[in-house]
Amino acid sequence: AVPLALLWGWWFLSTPIPLYENSIQVRVSGNTMTSNSFTASGGAMRMQSLKSRKIIAVFPEKSLDRFARQQQGYFFPEQAKDDQRQRGAIPVTVVAVPRGSYRSTGEVTLQAEYPADQPDPFAGLPLTGGQVRIAVNRITPAHLLTRASGLHNDQEKSGPVSYARRRTGP
């Protein structure tokens, strides 16, 4: 029983749980062909043909500070009512976050890449629906419990972006 309790304690104190920012205002672009070069075993250069799609997701302006280029996320396509196929999440990467005067648009550009010889994961999907989730933070179960119980209140530092930041001072 002691090893099991120690194992559970380690899990409780160290397992990361991702926090996500979500957007349901999503547009998907058409296919674009790209190529990726990499070194294979033996030092030979290899080329791989890729297809990619740009995804534009609109987020609240206050959440844009939590995004950075190359940040990972997921696109969950909207399923048509007559489509019976099970659709999963499509991995995406943040490629552009609006800065300066473009910030008020809230349009974050993401990219989904997949091998050109594989089936298109976007085939048959509507190009203006779904949900995008971008991981912005990680917390442990212990931290989640202390926040939920009111013992530790750090909404200012790592809480959900939907809470407005409070300014103290002039």
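For clarity, every value in this text was computed on a predicted model and none was experimentally measured.
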Suppose we screen for side chain to side chain donor-acceptor pair (under 3.5 Å). Which residues come up paired with Q111, at least two apart in sequence or across chains?
S52
Nearest 0.5 angstrom please: H143 NE2 to R138 CZ, how far?
15.0 Å
Find out if a path of hydrophobic residues (ILVMFWY) with successive side-chain heavy-atom gaps under 4.5 Å connects L4 to F12.
no
Taking the side chain as every heavy atom from C-beta outward, state whether T140 and P16 have any atom pair closer than 4.5 Å.
no
With sequence neighbours excluded, what pairs up with L50 under the side chain to side chain contact (heavy atoms under 4.5 Å, CB included) test?
T34, N36, Q48, E113
Residues two or more places apart in sequence or in another chain: which of them pass side chain to side chain donor-acceptor pair (under 3.5 Å) with T15?
W11
Shortest non-hydrogen contact from P91 toward Y74
CA-CD2, 4.1 Å
Taking every non-hydrogen atom, the tightest pair across A142 and L13:
CB-CD2, 3.7 Å
Would you give the length of the straight line joining atom OG1 of T146 to atom CD1 of I139, rounded to the nearest 0.5 angstrom?
8.5 Å
Applying the 4.5 Å side-chain criterion to the ILVMFWY set and letting contacts propagate, would Y114 and L110 be lumped into a single cluster?
yes
Contact summary for I55 and A112, nearest pair of heavy atoms
CD1-CB, 4.4 Å
Taking the side chain as every heavy atom from C-beta outward, state whether Q70 and T93 have any atom pair closer than 4.5 Å.
yes
Least distance between heavy atoms, G106 atom then L64 atom:
CA-CD1, 4.0 Å
About how many Å separate CZ of F76 and CD1 of I90, when rounded to the nearest 0.5 Å?
10.0 Å
d(E107 CD, R27 CZ) to nearest 0.5 Å is 5.0 Å
Measure the NZ-CG distance between K51 and D117 for me, rounded to the nearest 0.5 Å.
9.5 Å
Main chain of V95, side chain of R69: is a donor-acceptor contact present, judged purely on distance under 3.5 Å?
yes
Side chains of V26 and F75 in contact at under 4.5 Å (non-hydrogen atoms)
yes
How long is the straight-line distance from CZ of F59 back to CD1 of I24, given to the nearest 0.5 Å?
11.0 Å
Of all heavy-atom pairs between T109 and K54, which one has the smallest distance, and what is that distance?
CG2-CD, 3.7 Å
I'd like to know whether V108 forms a side-chain contact (heavy atoms from CB on, under 4.5 Å) with V132, so could you lay out the CA-CA distance, the side-chain angles of the two residues, the decisive distance to 0.1 Å, and finally the verdict.
CA-CA 10 Å; V108 175; V132 169; over 6 Å; no
Spell out, as yes or no, whether a donor-acceptor pair under 3.5 Å connects the side chain of R133 to the backbone of N22.
no
Of all heavy-atom pairs linking Y20 and P18, the shortest is OH-CG, 3.6 Å
